[in-house]
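A quick write-up on the structure given underneath.
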Amino acid sequence: MIEEIFNEALTRKSVFKNRDALSPHYVPDNLPYREKQIQELSKTLAPILSGRKPENVFIYGKTGTGKTVVTKFVVKKLTEFAAQKNIPVDAVYINCRIHNTRSKVFIKIGSELLPEENFMGMSTAYIYEKILGKIRESDKRLIIVLDEIDKLKGLSDAVYSLNRANDELENGSISLIGISNNLTFKDRLDPRTKSTLLQHEMIFPPYNAESLRRILEDRAKIAFRDGAVEPGAIALVAAYAAKQSGDARYALQLLLRAGDVADEEGAERVTEKHVERAKEIVEEDIILEMISTLPENEQILLLALAKMTQEGQGIRGFGTETRITSGDLYNAYARLSETLGRDPVSERWFREYISDLAMYGIITVTQAGKGFKGNTRLIRLNFSPRKIIDVLEPRLMG
DNA sequence: TGTCCACTGGAAGGGAGGGCTT
DNA sequence: AAGCCCTCCCTTCCAGTGGACA
């Protein structure tokens, strides 16, 4: 019985040849439509080879525009090149969503550079000195990539001390690459951090449907068996992803899921039908991921909005859409909060939540204008209310 | 035209919690 | 360990905005 399951798994035909090639962590050898960015970043970092400290780089652009993958690609090529020429270039990649404080960042750098030491529980000053010692001793040029840098608490301190290291070093250097998809983040930095981090700024534009198609074709060749994906399926994935503001990560995720769906059906090839089905799954994945990281009050607010939308409350007259005024939503939110035994936040803070959710793209907010009494905003849910309720109700009620 | 209404969003400040210094 | 400071989350207060209605 169990052997049957294992046997089936072993002999099962799959449309995939190398499924990992569609994972968000995969770095391909070829990055179409990013040649300019690759060149620019390479040029900026190149002085490191002749022992000069390159400018710090700050990269920003929307999700899925290739920021991380281009950075990893260039850094990898650079360190490989340097290794051939016996130049001590080293790079540390840090995701600040995981390593989100100054000390965690220092521990991460320390343990990459000195894997034999254990830095847990050590003071940041101690780790800092250890890192500098290592750089000095081997004339090392260190590149530190801080991905999702907007998630780093105490950012200015971290940036300042890492950059200051250059003044204390006679040999070697530290260069920073900051990556963020939060476009307003830059403006919130204090002037000192700004001038340090933004010595060189790069913006990654979103991909259009045509470029997404090319990217997907390239990647499909690696990931799938020959002819296992219909061209129409790829075009459809590209079209959907272009609608998602040109998000390549979404495109790859969609293609991956479409392959899974095809495998589950035991199909020979991935078709448009599989993409349609995958789109629903991916949308659920995204909702789930986005919602589960939201603060509880925002979850309650979303649930209230989903319920109102579901029941068709609010104002009709925008086609089949239902839009809800912020005052009505606040009342619904406050009632729901009390039902759940939580204290609702004030109206002022509720407005902050609304802006937050709008920024994430979960809801859309428009000025009400004519036909509405007073100055209010209309709020619309961008996802299916049914799915939101399915995710949130057990989470909040249970 | 003025008043009311239904909000909006800035400013200031409270208080809890975490990290750093002493 | 104690004190301090900083950040985050939140409240209170309020001037401002824009449409409805008399």
Side-chain angles (χ1 to χ4, degrees), chain A residues 94 96-110 119-131 146 148-162 164-165 180 182 184-194 197 291-302 304-305 308 313-318 322-338 340-360 362-380 396:
Chain A
I94 300 168
C96 300
R97 201 207 303 228
I98 298 153
H99 308 276
N100 59 351
T101 64
R102 188 167 71 129
S103 41
K104 282 181 192 164
V105 165
F106 274 58
I107 290 172
K108 171 81 176 159
I109 301 169
F119 291 108
M120 272 322 212
M122 301 291 163
S123 79
T124 44
Y126 174 81
I127 305 172
Y128 178 78
E129 284 309 322
K130 279 282 180 185
I131 294 169
L146 297 165
E148 303 196 51
I149 193 170
D150 43 313
K151 300 285 186 313
L152 180 58
K153 286 170 214 148
L155 168 84
S156 354
D157 277 353
V159 167
Y160 177 70
S161 38
L162 288 173
R164 192 197 53 191
S180 168
N182 187 335
T184 59
F185 168 71
K186 182 181 87 160
D187 306 320
R188 296 202 310 265
L189 292 171
D190 67 88
R192 196 183 60 182
T193 315
K194 214 170 173 175
L197 201 55
I291 284 177
S292 51
T293 58
L294 250 31
E296 190 179 80
N297 271 318
E298 289 187 21
Q299 295 187 6
I300 296 172
L301 162 45
L302 255 188
L305 178 60
M308 285 180 90
Q313 290 180 41
I315 298 103
R316 294 196 175 267
F318 296 88
T322 306
R323 298 202 190 191
I324 290 153
T325 62
S326 54
D328 288 346
L329 182 55
Y330 180 75
N331 291 332
Y333 153 77
R335 272 200 308 276
L336 182 61
S337 274
E338 270 156 29
L340 296 171
R342 273 92 154 177
D343 285 338
V345 294
S346 68
E347 285 189 60
R348 182 65 189 85
W349 200 247
F350 166 83
R351 273 174 238 134
E352 296 294 323
Y353 283 156
I354 294 288
S355 322
D356 223 34
L357 293 172
M359 199 190 72
Y360 291 136
I362 300 173
I363 60 174
T364 301
V365 175
T366 46
Q367 207 64 36
K370 281 191 177 141
F372 294 88
K373 201 177 179 184
N375 181 19
T376 187
R377 293 182 301 179
L378 296 175
I379 294 146
R380 189 193 46 172
L396 293 167

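Only a predicted model underlies this, so the values are computations on that prediction, with no experimental measurement involved. Below, chain A is the first sequence line, B the second, and so on; all start at residue 1.
Partners of A:Glu352 according to the side-chain hydrogen bond (donor to acceptor under 3.5 Å, both in side chains) rule, which considers only residues two or more places apart in sequence or in another chain, are A:Arg348. Considering only residues two or more places apart in sequence or on other chains, A:Thr364 meets the side-chain hydrogen bond (donor to acceptor under 3.5 Å, both in side chains) condition with A:Arg380, A:Asn382. Applying the side-chain hydrogen bond (donor to acceptor under 3.5 Å, both in side chains) test to A:Asn331 and every residue at least two apart in sequence or in another chain returns nothing. Legend: residues meeting salt bridge (Lys or Arg N to Asp or Glu O under 4.0 Å) with A:Glu148, ordered by chain and number and at least two apart, are A:Arg97, A:Lys151. Contacts of A:Thr366 classified as side chain to side chain contact (heavy atoms under 4.5 Å, CB included), with partners at least two apart in sequence or in another chain: A:Arg323, A:Leu378. Applying the side-chain hydrogen bond (donor to acceptor under 3.5 Å, both in side chains) test to A:Ser337 and every residue at least two apart in sequence or in another chain returns nothing. Judged as a side chain to side chain contact (heavy atoms under 4.5 Å, CB included), and not counting sequence neighbours, the contacts of A:Arg342 are A:Glu296, A:Ile300, A:Leu340, A:Leu396.
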Distances under 3.5 Å between protein N/O atoms and the N/O atoms of nucleotides 9-13 of chain B, please, pair by pair.
| unit_1 | atom_1 | unit_2 | atom_2 | d |
| --- | --- | --- | --- | --- |
| B:dG9 | OP2 | A:Arg377 | NH1 | 3.1 |
| B:dG9 | N7 | A:Arg348 | NE | 3.4 |
| B:dG9 | N7 | A:Arg351 | NH1 | 2.5 |
| B:dG9 | O6 | A:Arg351 | NH1 | 3.1 |
| B:dG10 | N7 | A:Arg348 | NE | 3.3 |
| B:dG10 | N7 | A:Arg348 | NH2 | 3.0 |
| B:dG10 | O6 | A:Arg348 | NE | 2.8 |

Between the protein and nucleotides 19-22 of chain C, which nitrogen or oxygen pairs come in under 3.5 angstrom?
| unit_1 | atom_1 | unit_2 | atom_2 | d |
| --- | --- | --- | --- | --- |
| C:dG19 | O3' | A:Phe372 | O | 3.4 |
| C:dA20 | OP1 | A:Gly371 | N | 2.9 |

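Close to B:dA6, at under 4.0 Å from its OP1 or OP2, lies no side-chain N or O of A:Tyr330. Residue A:Ser326 has a polar side-chain atom (N or O) positioned under 4.0 Å from OP1 or OP2 of B:dT8. Dashed line: the shortest gap from a side-chain N or O of A:Ser346 to OP1 or OP2 of C:dT11 is under 4.0 Å.
Residue contacts for A:Tyr353: at a heavy-atom cut-off of 4.0 Å it reaches the sugar-phosphate backbone alone, with no base atom in range. Across all strands shown, A:Asp343 has no heavy atoms under 4.0 Å from either base or sugar-phosphate atoms.
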With B for base contact, S for sugar-phosphate-only contact and - for none (protein heavy atoms under 4.0 Å), nucleotides 15-22 of chain B reads --------
